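Note that this is a predicted model, so its numbers are computed, not measured.
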Amino acid sequence: MDLYQIFKTRSPIIGVVHLLPLPTSPRWGGSLKAVIDRAEQEATALASGGVDGIIVENFFDAPFTKNQVDPAVVSAMTVVVQRIQNLVTLPIGLNVLRNDAKSAMAIASCVQAQFIRVNVLTGVMATDQGLIEGEAYQLLRYRRELGCNVKILADVLVKHARPLSSPNLTVAVKDTIERGLADAVILSGWATGSPPNLEDLELACGAANGTPVFIGSGADWENIATLMQAADGVIVSSSLKRQGRIEQPIDPIRVSQFVEAAHRSWNSKSDSKSAEQVKLHS
C-alpha cells in the first residue's frame, strides 16, 4: 500500500467521524438529517484542522451486531459518505461495526472511497458481541468481484476483544498480512481511547516488514511524538472531541493542535534520520 499515493503524505493522520445512531440501531433518533448534519460538521472540522484522511464509522449504533448490519445502515452510511464527499476532498474510508467488512467494501466501491477498516480479518476473537471469525477469503474474493481497488486496513488483536488462539503479536501481524492479504495493519490499546505501547508498535512494524502500521486508538498531542517513532500513520478520534469526551463532536482547535504536534514529531524524526545518514556517509 502506497500511503503517499492515497494520502499525499507518508505519515497520514486519519480522523474519525462517529455517526449518530442510524436506522434500526437501538438508539436511532428518527432523523437522518440530524445524522448527516453532525457528520458534515465533523468532516469539515477534521478537514479544516489539517488531517490527511477521514474514516466514517457507525460508532453510536452500539450494541453492535457482530457480522451483517441491516440494509438500512448500509443505505444511510452510503448517503452520509456522499454528503461528506461533496464538502471535503480528502480520501475517505469506512468501518461498518462491528465486523461487516463486506458492507464496508460494497459502500466503498459504490462511492469510490479509498479504504476500509476491518476489526477481525483473520482468526477468531472473543468479543462483547460473541465470537467473531475473520472472513478474509470472502472479503478478498468480493473485492475482486466488484473490480475495485479499495485498500483493507486490518486490526491486529483488536481492542475490546481477546484472541482464542495464542496472542502472539508477531504471528498475528504476519498472518494478517501474509495469509489475510491486508494492505495495512492497525494496532490499538485494549479499549477505545487507550494507546498501544511503543514496544508492541516496534514489534508490529518489524513483523510487518514494510507493510504500513497504523496506531488505532489512544493517540493525543502529548503521546503522538512517542508513538510515531514506530508507526507509519495514525487513526484518531477521542482526543479530537470537545473536552476529549467521546460523545462530543469534533473540535477543530483540538484537531489543529494534534496535527501540529504530529508534524513536529515527524519533522524531528526525519531530521534525526538525515543526521544518521550524514554520519554513515562521512
Which residue pairs pass the salt bridge (Lys or Arg N to Asp or Glu O under 4.0 Å) test with at least one member in residues 92-113, sequence neighbours excluded? Arg98-Asp128

Got a salt bridge between Arg143 and Asp183, using NZ or NE/NH1/NH2 to carboxylate O under 4.0 Å? yes

To check you understand the geometry: which heavy-atom pair defines the closest contact between Ser109 and Val150, and what is its length? N-CG2, 4.2 Å

Short N-O contact, Arg10 and Asp232, less than 4.0 angstrom: no

Could you list the cluster mates of Phe214? Members are the ILVMFWY residues connected by side-chain heavy atoms closer than 4.5 Å, either directly or through other members. Met1, Leu3, Ile6, Phe7, Ile14, Val16, Ile55, Phe115, Leu153, Ile186, Ile235

Is Glu133 atom CD crowded by more than 12 heavy atoms from other residues, nucleotides or ligands, each under 6.0 Å away? no

Other residues, nucleotides, ligands: >12 heavy atoms within 6.0 Å of Ile253 CD1: no

Test Ile116 against Asn95 for side-chain contact (heavy atoms from CB on, under 4.5 Å), laying out the working first. CA-CA 6 Å; Ile116 63 171; Asn95 186 13; over 6 Å; no

Got Met105 and Leu139 here, is their nearest side-chain heavy-atom distance under 4.5 Å? yes

Could you check Asn119 against Asn99 for side chain to side chain donor-acceptor pair (under 3.5 Å), going step by step and ending with a plain yes or no? CA-CA 6 Å; Asn119 282 180; Asn99 204 55; 5.5 Å; no

Other residues, nucleotides, ligands: >12 heavy atoms within 6.0 Å of Glu199 CD: no

Is any side-chain heavy atom of Val51 closer than 4.5 Å to one of Leu90? yes

Could you go through His18 and Lys241, starting from their C-alpha distance and side-chain angles, then the distance that decides it, and tell me whether this counts as side-chain contact (heavy atoms from CB on, under 4.5 Å)? CA-CA 10 Å; His18 285 155; Lys241 306 279 188 107; 3.1 Å; yes

If a pair satisfies side-chain hydrogen bond (donor to acceptor under 3.5 Å, both in side chains) and one of its residues is in residues 78-93, list it, with sequence neighbours excluded. Glu40-Arg83

Evaluate side-chain contact (heavy atoms from CB on, under 4.5 Å) for Gln248 paired with Arg245, printing each intermediate quantity in order. CA-CA 6 Å; Gln248 291 292 321; Arg245 293 171 58 178; 3.9 Å; yes

Can you get from Val120 to Leu94 by hopping between Ile, Leu, Val, Met, Phe, Trp and Tyr side chains that sit under 4.5 Å apart? no

